[in-house]
Amino acid sequence: MDIISVAMAEAPAAAAQQPDPLMSFLPLILIFAVMYFLLIRPQVKRQKEHKKLVDALAKGDEVLTSGGLVGRVVELGDSFLTVEIAEGANAIVQRSAVTTVLPKGTLRDLRGG
């Protein structure tokens, strides 16, 4: 009888030591928060800045594309734009391929004249 009473006395103590469900999910929540602030949030910010840059393109802007082309915008469309990469040589590129709008005069400096 003595063994049964000891076992019954230990059962409530074991039940009281179970971890809090929130504490078991806390590491997962912390990992998600770190991923959000270090990866997701900066990427969304860069996407917004790129969209703003692409929407602000105008005729005459000097641009650098993701393919490495440097030229002057001569014609704008909804999805595409025409870039003059040399005298009389035009290339049609997607608007989203523009990575940087260069300062005015960059092409003149690059071409040496």
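Numbers here simply count residues along the sequence, with the first being 1.
- Among all heavy-atom pairs drawn from V74 and E84, the shortest one is CG1-CB, 3.8 Å.
- For the pair R95 and D55, the salt-bridge criterion is not met [side-chain N within less than 4.0 Å of a carboxylate O].
- Contact annotation: the side chain of T99 never approaches that of T65 to less than 4.5 Å [non-hydrogen atoms, C-beta and beyond].
- For the atom pair K45 NZ and Q47 CD, the distance stands at 13.5 Å (nearest 0.5 Å).
- Clustering of Ile, Leu, Val, Met, Phe, Trp and Tyr side chains at separations under 4.5 Å places M23 together with L26, L30.
- The line from CZ of R41 to CZ of R46 is 12.5 Å long, rounded to the nearest 0.5 Å.
- The distance from the CZ atom of F32 to the CZ atom of F37 is 9.5 Å, given to the nearest 0.5 Å.
- For NZ of K104, the number of neighbouring non-hydrogen atoms (other residues, nucleotides, ligands) closer than 6.0 Å is greater than 12.
- Applying the under-4.5 Å side-chain rule to Ile, Leu, Val, Met, Phe, Trp and Tyr, the cluster around I92 extends to F80.
- Note: K51 NZ to S96 OG = 11.0 Å, rounded to the nearest 0.5 Å.
- Taken from CG in D61 to CG in L102, the straight-line distance is 9.5 Å, to the nearest 0.5 Å.
- Atom CD of residue E62 and atom OG1 of residue T100 lie 12.5 Å apart, to the nearest 0.5 angstrom.
- One hydrophobic cluster, built from ILVMFWY side chains closer than 4.5 Å, holds both L39 and I31.
- The hydrophobic cluster containing I85, built from Ile/Leu/Val/Met/Phe/Trp/Tyr side-chain heavy atoms closer than 4.5 Å, also comprises L53, V54, L57, V63, L69, V73, L76, L81, V83, V93, V98, V101.
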